[in-house]
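In what follows, a structure is listed as structure tokens, so that the remarks can point back to it.
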Protein chains: 2
Amino acid sequence: MSSRRREVPEDERAWLRTYDPTGFAPFGVTVDVVLLTVRPDEAGTGPGRFSVLLVERDTHPFRGDLALPGGFVQPAEDLDAAAVRRLEQELRVRPGDHPGVHVEQLGAFGRPERDPRMRVVSVPYLVFAPDLPAPVPGGRTRWVGWVPVEDVDAGRLAFDHDQVLAAGLERARAKLEYTPLAAAFCPDEFTVADLRKVYEAVWGTALDPRNFHRKVTGTPGFLVPVGRPAPVGPGGGRPAALFRRGPATTLHPAMLRAARGRPT
Amino acid sequence: MSSRRREVPEDERAWLRTYDPTGFAPFGVTVDVVLLTVRPDEAGTGPGRFSVLLVERDTHPFRGDLALPGGFVQPAEDLDAAAVRRLEQELRVRPGDHPGVHVEQLGAFGRPERDPRMRVVSVPYLVFAPDLPAPVPGGRTRWVGWVPVEDVDAGRLAFDHDQVLAAGLERARAKLEYTPLAAAFCPDEFTVADLRKVYEAVWGTALDPRNFHRKVTGTPGFLVPVGRPAPVGPGGGRPAALFRRGPATTLHPAMLRAARGRPT
DNA sequence: CGAATAGTGTCTCTCAGACAATATTGC
DNA sequence: GCAATATTGTCTGAGAGACACTATTCG
């Protein structure tokens, strides 16, 4: 993570002592968190609801609107650290404790007019988490909660968070294809059916349980069997085997959601 | 691109009139350009050299070191616009003129100590360009030139540009798999062999010309035949057909560089 | 003609998708 | 037993990789 040690030449040190940083245009820098999860269906039988954590803003600008949780980066704070801090504030979860939680930077959004207060560049972070306890509103929010992504009205989020969310969803859907990150939406131990419901919820498509089973158990490094069965569900049926996340970071071959051989 | 029109409530307008933006920590924001191309081999027979445009800095900090071209974003300038401006300055090429040139944001780099002057967040852009005329040094650089990526000494670039370049290379290699962007490294009209040399240079692997030909010509939307042959090369041989970029934005099925069915 | 490069045909193996069949539970 | 879910097996077709073979040019 840290960059190389560098011998700073004396003339550069001298130059730096006289350098005036106020000559450059000052920007605000924020982090926003696109925290995604898959929450069980009401009945518990369906594929689950792909949901995002939103807050209702209690301060200007966009007071009263829904928004992604976020905030300004501190002067000496790393971007990733700011995102994790915001995550802890909103959810009382720190990624270090939950090894399943996945955090990944999503890019930078910096349209000049995106914040009415001043020039602000936002660096959103994409987070995959298993179904977690209900969040509690923090100091500056009226309300916090999970919203199924298909219930988020286009154009109703504060700032440019519609675009940020859209970018996060697209990235999440793509990541499930070639990484084992679907398991980041599952608890520590999970069944193949749990994992399949994640794919179905995120992609919005039904998958054949039999082919899915053969596929994921046959992909090296994806799943590690626990050797113990899960408790039987409410509808009865043969108990499923439990698995944990395997060591793989990419999937070979990938899980393909789409369109093999379709025209453009 | 532009966000929704929003009715700004009167109380927010009033609040905004009294808002003091100097309360937040000021950051500098820069763009850096990871401009990649594939330049012909010395002999013209090999796969070509995958190269990046680097500048030698003529100002502090890191004076005398190699770096990616970049600079501060102007107060009212969009991030993408700043990257394009920097590109034009360095290469006298504007992406609009060259429809082949591909520009894509690569993320945000913001370690607190990455710039000794002040807190700076950099937003690098990845650019794919065909082999272009030699660039000319601008005002603040001693030297500009193409450097084959394998000749870039690890740890020798200014700031954290090693990490930025590494991220750009990884992204470029991945993009060639599932998008038709390899053609962005080719001139307007090109042969299948030209395209294959791009893949070989970027991935650093040899590809079977016969399977490659069948693959790319059979992928819908990838290539559009011009209906005219290219001039015969120096070594003789049957003249190759010319193609242009097709309308596809993603490839189905993807070009796979790697490892089908290999263990993790 | 021979060398060189372009392009096609064929074979095999892997893998995705469809779906039959078997296994194991609760009722 | 019956319903429900889990897991395995079998078949088919698409496509990747190996590589023989044909096509077209230059010298």
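Convention: sequence-line order gives letters A, B, ...; per-chain numbering from 1.
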Spacing between [X] atom [atom1] and [N] atom [atom2], to the nearest angstrom:
X	N	atom1	atom2	result
L251(A)	dT14(C)	CG	C1'	17 Å
L195(B)	dA6(C)	CG	P	13 Å
M255(A)	dT14(C)	CE	C1'	16 Å
L223(B)	dG7(C)	CG	P	11 Å
F212(A)	dC15(C)	CZ	P	17 Å

Problem set entry | Earlier contact from the 5' end, DNA chain D, for G235(B) and D208(B) |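 Closer to the 5' end of DNA chain D: D208(B).
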Problem set entry | Candidate list V55(B), L54(B), V33(B), test side chain to side chain contact (heavy atoms under 4.5 Å, CB included), partner L68(B), passing option |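 Among V55(B), L54(B), V33(B), the one that satisfies the side chain to side chain contact (heavy atoms under 4.5 Å, CB included) with L68(B) is L54(B).
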Exercise. Under 4.5 Å between any side-chain heavy atoms of V34(A) and L169(A), yes or no?
Worked result: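 Result no, sub-4.5 Å side-chain heavy-atom pair not found.
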For this session: Flag the pair K197(A) / V38(A) as yes when at least one side-chain heavy-atom distance between them is below 4.5 Å, and no otherwise.
Result: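 No. Closest side-chain heavy atoms not under 4.5 Å.
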Problem set entry | Under 4.0 Å protein heavy-atom contacts per nucleotide of nucleotides 6-11 of chain D, with B for base, S for backbone only and - for none | BBB-B-
Exercise. Would you say a side-chain N or O of K215(A) is under 4.0 Å from OP1 or OP2 of dC15(C)?
Worked result: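 Looking at the OP1 and OP2 atoms of dC15(C), neither is under 4.0 Å from any side-chain N or O of K215(A).
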For this session: For the residue pair W203(A) and Y199(A), categorise the inter-ring angle as parallel (less than 30°), tilted (30 to 60°) or perpendicular (more than 60°).
Result: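 Rings of W203(A) and Y199(A): perpendicular, over 60°.
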For this session: Give the ring-plane orientation class for F128(A) versus H102(A), where under 30° counts as parallel, over 60° as perpendicular and anything between as tilted.
Result: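 Judged by the thresholds at 30° and 60°, the geometry between F128(A) and H102(A) is tilted.
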Exercise. Under a 4.0 Å N-O cut-off, is there an ion pair linking D162(B) with R156(B)?
Worked result: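 Result for this pair is no, no salt bridge flagged.
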